[in-house]
Amino acid sequence: MRLEKCWFCSSTIYPGHGIQFVRNDAKIFRFCRSKCHKNFKMKRNPRKVKWTKAYRCLHGKDMTQDSTFEFERKRNRPERYDRNVTEQTLKAIPLITKIRHDRQKKHITERQKQGKTKEQERDAKELEQDIQMLPKKDVLSTQKTKVMVKVSQQQTEENLMEE
């Protein structure tokens with residue numbers, strides 16, 4: 001079973017799905033859905049359309065370079081079947097997917113850190129500009145004065161006896 005990639009959005013196309021367009025020079029373009037096909041016919045650039053994989057990679061939204069991507073690369077050369085190699089590969093697939101998911105999580109958290117710092121800077125700047133809009137509190141009324149009173153042990157005993 002051969003899984004193809006959409007020319008426009010880079011999503012996987014399963015057998016029996018999608019549209020194939022063959023140009024006059026015999027170049028084959030495969031599309032996962034009519035949305036991608038129509039955008040191709042309108043001569044839109046996938047790097048400028050926000051929902052495509054090319055746009056996300058170009059603008060740092062997705063991971064672009066990682067050693068785990070090497071495993072899903074398309075190879076046109078037929079490989080000789082070896083039972084041991086196949087068994088090791090099947091055991092390694094869950095481990096590789098776990099590693100990829102962990103790296104994607106780390107990538108996303110790193111991207112979100114930048115946004116949080118920018119948001120904090122923006123909030124601090126807004127606070128500096130509009131500080132006069134906050135209600136002013138009386139400094140004297142908010143501070144309570146504490147008085148130290150020395151109480152001797154005899155006085156406390158006398159108070160207890162009176163009660």
Side-chain angles (χ1 to χ4, degrees), residues 1-137 139 142-143:
M1 180 168 83
R2 179 168 223 153
L3 301 178
E4 303 289 343
K5 292 281 183 190
C6 176
W7 185 88
F8 196 79
C9 71
S10 303
S11 64
T12 54
I13 306 171
Y14 291 93
H17 294 263
I19 303 163
Q20 233 178 4
F21 173 72
V22 182
R23 208 165 47 190
N24 287 340
D25 63 350
K27 172 100 170 84
I28 299 172
F29 298 93
R30 290 179 175 84
F31 305 104
C32 58
R33 52 186 179 265
S34 62
K35 178 181 181 180
C36 296
H37 188 217
K38 288 173 185 174
N39 279 298
F40 174 78
K41 287 194 291 187
M42 287 190 279
K43 297 184 178 180
R44 287 202 175 136
N45 189 347
R47 289 173 287 178
K48 293 183 180 178
V49 180
K50 290 191 176 185
W51 51 268
T52 61
K53 184 85 170 174
Y55 176 89
R56 294 186 62 77
C57 290
L58 188 69
H59 290 84
K61 308 284 185 192
D62 281 342
M63 291 190 334
T64 53
Q65 295 173 347
D66 192 31
S67 59
T68 57
F69 294 133
E70 185 72 26
F71 292 101
E72 70 177 43
R73 212 179 57 196
K74 183 178 170 184
R75 294 170 190 84
N76 288 326
R77 207 172 17 142
E79 292 291 325
R80 194 158 211 181
Y81 177 75
D82 185 11
R83 187 176 188 150
N84 294 332
V85 172
T86 307
E87 188 176 317
Q88 289 173 352
T89 306
L90 291 174
K91 285 181 181 177
I93 287 173
L95 181 65
I96 292 166
T97 54
K98 183 182 181 302
I99 291 169
R100 183 182 299 151
H101 287 301
D102 292 343
R103 289 181 182 171
Q104 283 177 342
K105 284 181 185 176
K106 186 178 177 183
H107 176 76
I108 289 169
T109 54
E110 291 295 320
R111 279 187 51 233
Q112 289 177 343
K113 281 182 185 176
Q114 296 170 356
K116 285 181 182 177
T117 56
K118 285 182 182 177
E119 187 177 340
Q120 287 175 347
E121 290 171 4
R122 195 178 330 117
D123 291 343
K125 185 178 178 183
E126 185 179 342
L127 184 63
E128 283 179 23
Q129 289 175 351
D130 300 329
I131 194 76
Q132 72 277 3
M133 296 179 82
L134 293 174
K136 294 182 181 177
K137 295 181 181 178
V139 179
T142 56
Q143 293 179 348

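None of the values given here were measured: they were computed from a predicted structure. FYI, side chains are in, hydrogens and waters are out, and symmetry mates aren't considered; it's all heavy atoms of this structure.
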So, using salt bridge (Lys or Arg N to Asp or Glu O under 4.0 Å) as the criterion, who are the partners of K35 when residues are at least two apart? none

For the pair [X] and [Y], find out whether any cationic side-chain nitrogen is under 4.0 Å from an anionic carboxylate oxygen.
| X | Y | result |
| --- | --- | --- |
| K91 | E87 | yes |
| D102 | K106 | no |
| E110 | K113 | yes |

Around R47, counting heavy atoms of other residues, nucleotides and ligands shown, do more than 12 lie under 6.0 Å from its CZ? no

Rounded distance (nearest 0.5 Å) linking atom CD1 of I99 with atom OG1 of T97: 8.5 Å

Return each pair, listed once, that meets ring-ring contact (aromatic ring centres under 6.0 Å, His included) where at least one residue sits in residues 5-27; pairs must be two or more places apart or across chains. W7-F29, W7-F40, F8-W51, F21-F40

Close side-chain approach of [X] and [Y], heavy atoms under 4.5 Å:
| X | Y | result |
| --- | --- | --- |
| R122 | E119 | yes |
| R44 | K38 | no |
| K5 | I13 | no |
| I19 | C32 | no |
| D123 | Q120 | no |

Salt bridge (charged side-chain N to carboxylate O under 4.0 Å, His left out) assessment of D25 paired with R23: CA-CA 5 Å; D25 63 350; R23 208 165 47 190; 3.2 Å; yes

State whether the side chain of S10 and the backbone N or O of K53 hold a donor-acceptor pair below 3.5 Å, judged by distance alone. no

